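Presented below is the structure to which this report refers.
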Protein chains: 2
Amino acid sequence: MKNMGEAVNIKRLAQELNISIATVSKALNDSYEISLKTKNRVWNLAKELNYTPNPAASNLRSNKTKTIAVVIPCVANNFFSLSIMGIEEIARQYGYHVLIYQTHENIEAEKAFTNSLLNGRVDGILTSVSSSEYNSEYYANLVKKIPLVFFDRVYEDLDAVKVTTDDYEIAFEATEHLIECGCTKIAYLFGLENLPAGKARFAGYCDALKAHGIAVSEQLIVKYQDNEEFNLQQIKELLGKYKPDALFSSIEEFIIPAYCACREMGLQIPNEVKILSFSNLSTAKLLSPSLTTISQPAFEIGREAAKCLFKILNNKQLDDEQNIILKSVLTKRESTGC
Amino acid sequence: MKNMGEAVNIKRLAQELNISIATVSKALNDSYEISLKTKNRVWNLAKELNYTPNPAASNLRSNKTKTIAVVIPCVANNFFSLSIMGIEEIARQYGYHVLIYQTHENIEAEKAFTNSLLNGRVDGILTSVSSSEYNSEYYANLVKKIPLVFFDRVYEDLDAVKVTTDDYEIAFEATEHLIECGCTKIAYLFGLENLPAGKARFAGYCDALKAHGIAVSEQLIVKYQDNEEFNLQQIKELLGKYKPDALFSSIEEFIIPAYCACREMGLQIPNEVKILSFSNLSTAKLLSPSLTTISQPAFEIGREAAKCLFKILNNKQLDDEQNIILKSVLTKRESTGC
DNA sequence: CATGCACGCGAAAACGTTTACGTAATTAAA
DNA sequence: TTTAATTACGTAAACGTTTTCGCGTGCATG
């Protein structure tokens, strides 16, 4: 083992082997300009000295970072943490590093993060946007400046790849399921109302009601606020005043307040009120009673979004379609009782 | 607005203002060498042109990345996703970026990731180590090379900060709770057996039994495997053969198989068998029946670990103690029925 | 009037790569 | 044999910062 005193960089390798740093660099990058013999000498010494290229220098010169950013509302959410797993799996395959940024549904933070990524910190961005506003002008500009793929929570009509799920269809199907179980006063717990996903889910709900001759009632709609206690009170008020026979929750965050509200009001699930929710909760089947869910393929969404981004980064042709739509799954359990 | 054609860097700012790039750089960094008048000129133009420093160049020259890495087994785990939230909160305060690496309990991946971080990609590392092995030699070397803080899953006896919880005490307390509820044959669902946390939890369980004159029985111990079906079968076998009156689970991953096993065996919780588990599941109170949990302060652990790392990075004195121990909370619910 | 000293700023090197270009030696084509 | 092409490598510039050192000016001090 050679002297390990000084830092081991390309210069050091060149010195020890009595060749130029250009040759070392090219050898390390497996350039056709370098003979196999020389490459082997370089590779062996690099391994022996535990050489790894300095990323800052490499980034600076080549303008590539081998890093992507994931900008999402929150990590502590089953959907997003699963998405990250999918993203990470693909990133590993491509040898990329993954930066995480949480917006906490704050659009200013969202802008600040993405802006700070434009100076060459990352090669591309994967994002699921904040639900607090729908500000497509900002993103219309952003997608011109950096490769970006939206997943689940997207901005429509932008020149960017979007990976989503069949929100409308599955919400329609779920609503029909409730109707088939005998429900006629189906309340809707409304989340993501500013986003296409939220609107599609709501549209699926409305259209399913109409298709079965049921009117959509404003009174049966509760909108999500970022306040646990408030949501609980809203649902209790809904249950008390308008006596719905089902709660269709469009986001996971409503599950706990919905169950709690029913308990506190002494309402039996599913006998007196049925519950169905969008959710990636792994313990849905253990709830009391077990919860009928629409689960999105979060892991696959992450994988698919990451794959698209890497295709773009590698200048590969995207399969014509910019909108990738994956299927969600409706799993019927006790909370809808049939 | 000036010409936005070319890239906006320090050189560009210098040209427009007719000063040197050195002055611009110093002004941007608020150096005492520069007059307030010049600073203001620079700051204003920088803002106008939307200048942000190139991180690669900055990193290369200054050897600081304003980036930390979080190396954990898996994001899709309530404990870790909450930890990440805590870490992120602190990182934002310090203006740091956060890289995420998942080891999936694979020690080779763990080594590969951490090694790839030693070339100046990050300023420091936060990690919760893999449970598959206990290989402290590797980490003994690692902590000499880069600022590193362990959280929850740590290597002991190393010269590094470790943020953990009161595993022994809380496991003792939880076991006593089961005993007070009348249990005498308390089975132990053993996870993290290679790690200090896992050993401490088990020790707390054993000592509590002994303190109450109950012998520890090998037969009542089931060890975790990374195989859902296998764990389920093991627990069913345990329940069938040895008829324990309680299951004490040391990790969240046992909850679903434990509940399922009881259901499939037709055993009533908590009447015939009580269940208690370490867990950060937000829906613990909604389970059927609601689950008595030991919940670790995951968010705070992340915060605390990050704070320590930044203290180290800023050369601040650490409050003498290298071991920070936070308290877990035992929440009694229906599954232990008293 | 000479000396010393802040003050404000600039010149230039340095960080560790990548890469365009040049060049010498060897081989193939004419 | 001459010329062209290929192979294998080296030189040096470039990426955008930070930082050391030095210089000139103005002011106060002796």
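Every chain is numbered from 1 and lettered A, B, ... according to where its sequence line falls, protein lines coming before strand lines. Computed from a predicted structure; not experimentally measured.
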Which label fits B/Tyr101 and A/His97: parallel for a plane angle under 30°, tilted from 30 to 60°, or perpendicular past 60°?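 Plane angle over 60°, so perpendicular.
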
Check whether the side chains of [X] and [Y] place a donor and an acceptor atom closer than 3.5 Å, and report yes or no.
X: B/Thr114; Y: B/Tyr138; answer: yes
X: B/Ser132; Y: B/Glu105; answer: no
X: A/Thr65; Y: A/Asn59; answer: no

Distance-only, no hydrogens or angles: does the [X] side chain make a donor-acceptor pair with backbone N or O of [Y] under 3.5 Å?
X: A/Lys66; Y: A/Tyr94; result: yes
X: B/Asn77; Y: B/Phe79; result: yes
X: A/Asn9; Y: A/Lys11; result: yes

Does C/dC7 have its OP1 or OP2 closer than 4.0 Å to a side-chain nitrogen or oxygen of B/Ser35? no

Between [atom2] of [N] and [atom1] of [X], the distance in whole Å:
X: A/Asp30; N: C/dT18; atom1: CG; atom2: C1'; value: 15 Å
X: A/Leu36; N: D/dA8; atom1: CG; atom2: P; value: 10 Å
X: B/Asn18; N: C/dG10; atom1: CG; atom2: P; value: 9 Å
X: B/Lys37; N: C/dC7; atom1: NZ; atom2: C1'; value: 14 Å
X: A/Ile34; N: D/dT6; atom1: CD1; atom2: P; value: 18 Å

Salt bridge present between A/Asp30 and A/Lys39 (N-O < 4.0 angstrom):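 Looking at A/Lys39 together with A/Asp30, the answer is yes, because their closest N to O distance falls below 4.0 Å.
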
Less than 4.0 Å between a side-chain N and a carboxylate O, is that true for B/Lys162 and B/Glu156?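 Salt bridge absent between B/Glu156 and B/Lys162.
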
Do B/Asn135 and B/Tyr155 make a side-chain contact, defined as non-hydrogen atoms from C-beta onward lying under 4.5 Å apart? yes

Give each protein N/O atom lying under 3.5 Å from an N/O atom of nucleotides 23-28 of chain C, with the pair distance.
none

Contact state string [nucleotides 14-21 of chain D, B base, S sugar-phosphate only, - no protein heavy atom under 4.0 Å]: BBBBBBBB

Reference residue B/Phe80; test side-chain contact (heavy atoms from CB on, under 4.5 Å); the match among B/Ile72, B/Val75, B/Ile100: B/Ile72

Terminal axis angle for the helix from C/dC1-D/dG30 to C/dA30-D/dT1, five pairs an end, nearest 10 degrees: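 What I find for the helix from C/dC1-D/dG30 to C/dA30-D/dT1 is an axis angle of 50°.
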
